Every structure is written in structure tokens, then in C-alpha cells.
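Just so you know, these numbers come straight off a predicted model, no measurement behind them. Every heavy atom of this structure was used, including side-chain atoms; hydrogens, water molecules and symmetry mates were not. In the text below, chain A, chain B and the rest are named by the order of the sequence lines, each starting its count at 1.
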Protein chains: 2
Amino acid sequence: MSKLLDACSQTLMETAPQIMQAIRVEMRRGRGSDISIPQFRAMRFIQRYPDSSLSSLAEHLGLTPPSVSKLVDGLVNQKLILRGRSPEDRRKITLSVTTTGSAIVNSARINARSTLAEKMKNLSDSDLRSILQAMQLLHLIFNDQGK
Amino acid sequence: MSKLLDACSQTLMETAPQIMQAIRVEMRRGRGSDISIPQFRAMRFIQRYPDSSLSSLAEHLGLTPPSVSKLVDGLVNQKLILRGRSPEDRRKITLSVTTTGSAIVNSARINARSTLAEKMKNLSDSDLRSILQAMQLLHLIFNDQGK
DNA sequence: TCTAATAGTTAGAAAGGCTAATTAATTATG
DNA sequence: CATAATTAATTAGCCTTTCTAACTATTAGA
């Protein structure tokens with residue numbers, strides 16, 4: 001086991017929670033667009049894959065179907081997404097984002113993004129490139145929980 | 001606002017939750033050493049700063065004092081940490097990790113670290129260096145919630 | 001057709017946050 | 001020096017998020 005690999009794992013464990021904290025805080029000050037990170041991630045997924053089923057969403061989020069069913073309940077109640085039934089297989093549901101939902105998810109994204117950007121604004125271009133590259137690597141590796 | 005900065009923020013928002021998910025999953029399969037991420041982070045902090053107070057811990061975790069008081073309750077009940085009173089200022093508590101606590105936090109750390117390492121093992125050294133550098137930069141920036 | 005498997009939901013419990021109010025100890029002030 | 005203000009931590013009460021287990025409805029298969 002290489003020292004380098006070890007150092008990477010170590011620093012990932014320390015840093016990832018801090019970044020999450022910053023994102024979470026920022027998501028919470030959307031003035032009316034007060035959604036949690038799982039809710040945000042769910043809506044992003046549904047935006048990307050319209051008419052997706054509950055189970056595919058659950059898999060993406062890394063949560064159990066009952067948890068996601070509740071999460072979906074919440075979003076439906078807030079009229080941010082729609083829950084329909086699939087014509088082909090009537091056991092399945094089809095999820096889609098409403099206009100309101102789109103507006104809120106976009107404003108949350110812009111808020112969070114600009115605060116993250118604010119924190120990183122003093123970094124050099126070369127530092128930023130290194131962060132971008134690292135994140136892209138990690139994104140590939142950890143996509144869908146390495147399943 | 002630079003394209004680069006924007007791309008960084010974007011990818012951070014997508015990737016950080018996925019990394020967290022992987023760490024969380026791994027933390028949960030400690031066979032008896034079943035602790036949450038906030039609990040893990042708390043114990044790591046107390047290990048690093050023995051006799052630390054509740055408020056300094058709360059600040060490190062980015063949580064409110066009542067939340068941390070509960071979290072500490074849980075760890076004390078499991079006999080993973082000790083809660084004493086400071087001799088100098090008797091309002092303050094002094095936190096320390098027990099032998100059992102140390103064993104558990106170390107095994108959780110080793111578990112999580114080796115799974116992260118497993119996922120990254122196919123990366124080149126140059127990729128790993130880029131991840132390490134990026135994480136160190138981000139660690140500095142997001143340390144203590146940019147307060 | 002009757003049984004298996006699959007998709008989602010419901011019920012109920014535990015954990016982890018929060019704010020507001022409380023207790024105890026220390027510091028500052030009239 | 002006595003009392004007021006501040007500080008450290010806890011308690012109380014609430015809400016949200018997650019889980020497992022059990023249930024309903026639909027489809028697929030023997």
C-alpha cells in the first residue's frame with residue numbers, strides 16, 4: 001500500500017465532510033427555496049433522467065426505497081416534482097420536476113455554486129485546474145457508489 | 001466570474017456527496033464498531049486535542065452546542081469517551097477518548113481508509129498527487145467553515 | 001392458473017439536527 | 001462586596017432523515 005494512496009484517503013476523509021458542511025449551510029439560505037442536499041440531489045437526478053423510477057433514484061442516492069419514497073412525498077407535497085404511474089408497468093412510478101421545482105433547484109444551485117466560488121476565488125488558475133481535475137477523477141471513481 | 005471557478009464549484013457539488021456516501025457506507029461495516037461520521041469526527045478531534053471543551057468541539061464540527069451535547073451523551077454512554085469537569089473553569093467540560101474509543105476510532109479509520117484506497121488504486125501517481133494537492137487546498141479553504 | 005418476484009408504500013423506531021429556556025460558574029460593575 | 005451580565009453546558013421539545021419489517025399491487029413464469 002503506497003504512502004501516496006494512504007495520504008489521499010486520509011485527506012479525503014478529513015476534507016469531504018468540511019466541504020459538505022459548507023454546501024449544506026449554503027443550501028439552507030435560499031430564502032424560501034429551503035431544500036436539503038438529498039432533495040437537491042434527487043431533483044437534479046430527475047431533471048437529468050425524466051420519468052425515472054423510484055428505485056433508480058434510490059440507487060443513485062444510495063438510500064433505501066422506503067427512505068426515497070418519503071423524500072419523494074415531501075417534494076410532491078411541496079409541488080416541486082410530480083409522481084405519475086408508468087403506462088408500461090403500472091407498478092412503477094415516473095418522476096418529473098415541475099416548473100417551480102426547476103426554478104428552486106436552479107436557484108439553489110446558483111447560490112451554492114457562487115458561495116463555493118467565493119471561497120475559492122483567491123486560488124491561482126493552476127490550483128483551480130488541479131482541483132477540477134481531481135474532482136473529475138473522483139467523480140468517476142465514486143459514481144453510483146462504486147457498485 | 002471565471003469559467004474555471006464555476007466548473008470547480010459545479011464538480012465539487014456533485015462529487016462531495018458521492019465521496020461522503022462511500023465513507024459513510026464503509027464506516028457502517030465496522031462489525032461492532034458502528035459509529036456515524038459526526039461521532040467519528042468528534043473522536044478524532046478529541047484524540048488530537050485532549051481535554052477539549054464542548055464548545056471547541058462544536059465549532060470544529062460546525063454544529064450547535066446542544067447537538068454536540070447529545071452526540072457526546074451517546075459516546076459517553078457507549079464508554080467511548082469520558083466527560084470530566086475542568087479544574088480551572090468549572091463550567092467547562094474536558095473530553096477524552098477511552099481505550100475502547102481509541103480502538104474503535106482507529107479500526108473505523110483503517111476500514112474507511114482502505115476502502116477509499118481500494119477504489120483509487122488504479123490511478124496513476126500523478127493523478128494521486130493531483131488529488132492530494134487538491135484536497136490539501138480545499139482542506140485549508142473549508143477548515144472551520146470558513147468562519 | 002397459481003406462485004414468484006418486483007415496485008412501491010406504510011408503520012414504527014432511532015438518530016441527529018435545531019431553537020428556546022434553564023442551570024451553574026465566572027467576570028465585571030456600581 | 002453584591003449584584004448584574006456573560007459564558008458553558010444541558011434539558012426540553014420539535015422536526016427531519018434514515019432504517020427495517022411488513023404490506024399492497026402488479027407482472028412474469030411454472
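Within the model, atoms CG of L75(A) and NZ of K70(A) stand 14.0 Å from one another, a figure rounded to the nearest 0.5 Å.
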Residues S52(A), T94(A); criterion side-chain contact (heavy atoms from CB on, under 4.5 Å); working and verdict: CA-CA 5 Å; S52(A) 54; T94(A) 58; over 6 Å; no

Chi angles and distances behind the side-chain contact (heavy atoms from CB on, under 4.5 Å) call for L123(A), I131(A): CA-CA 10 Å; L123(A) 295 176; I131(A) 289 174; 3.6 Å; yes

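Chain A approaches DNA chain D within less than 4.0 angstrom (heavy atoms of the protein), and the contacting nucleotides run 5' to 3' from dT17(D) to dT27(D).
Comparing E88(A) and P38(A) by the nucleotide of DNA chain D whose heavy atom lies nearest to each, the residue mapping closer to the 5' end is P38(A).
Using Watson-Crick or G-U wobble geometry with both donor-acceptor distances under 3.5 Å, dA5(D) finds its partner in dT26(C). Base pairing of dT20(D): its partner is dA11(C), meeting the Watson-Crick or G-U wobble criterion (both donor-acceptor distances under 3.5 Å).
Remark: C1' of dA14(C) and CD1 of I35(B) are 17 Å apart, rounded to the nearest angstrom. Taking atom CG on L63(B) and atom C1' on dC18(C), their separation rounds to 10 Å, with Å as the unit. When the P atom of dG8(C) is taken as reference, atom CD of E59(A) falls 12 Å away, rounded to whole Å.
Between P65(A) and L54(A) the shortest side-chain heavy-atom distance falls below 4.5 Å.
With sequence neighbours excluded, the residues satisfying side-chain contact (heavy atoms from CB on, under 4.5 Å) with Q10(B) are R44(A), R109(A), R113(A), E14(B). L82(B) is linked by a side-chain contact (heavy atoms from CB on, under 4.5 Å) to S96(B), T98(B), counting only residues two or more places apart in sequence or in another chain. In terms of the ring-ring contact (aromatic ring centres under 6.0 Å, His included) criterion, F40(B) has no residue partners (sequence neighbours excluded).
At the heavy-atom level, R85(B) lies nowhere under 4.0 Å from the strands shown.
Atom CZ of R90(B) sits in a sparse spot, with 12 or fewer heavy atoms from other residues, nucleotides or ligands closer than 6.0 Å.
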List, with names and distances, any nitrogen or oxygen atoms from the protein found under 3.5 Å away from nitrogen or oxygen atoms belonging to nucleotides 2-7 of chain C.
from: dT6(C); atom 1: O2; to: R91(A); atom 2: NH1; distance (Å): 2.9

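In the hydrophobic clustering of ILVMFWY residues, with side-chain heavy atoms under 4.5 Å counting as a link, Y49(B) and L80(B) come out together.
Taking both residues in full, the closest heavy atoms of C8(B) and T11(B) are given as O-CG2, 3.1 Å, listed atom of the first, atom of the second, then distance.
Using a 90° window around 0 for the glycosidic torsion, dA4(C) falls inside it and is classed as syn.
Near DNA chain D, meaning a heavy atom under 4.0 Å away, the residues from residues 64-74 of chain B are P65(B), P66(B), S69(B), K70(B).
Of the N and O atoms on the side chains of S102(A) and T99(A), not one donor lies less than 3.5 Å from an acceptor on the other residue.
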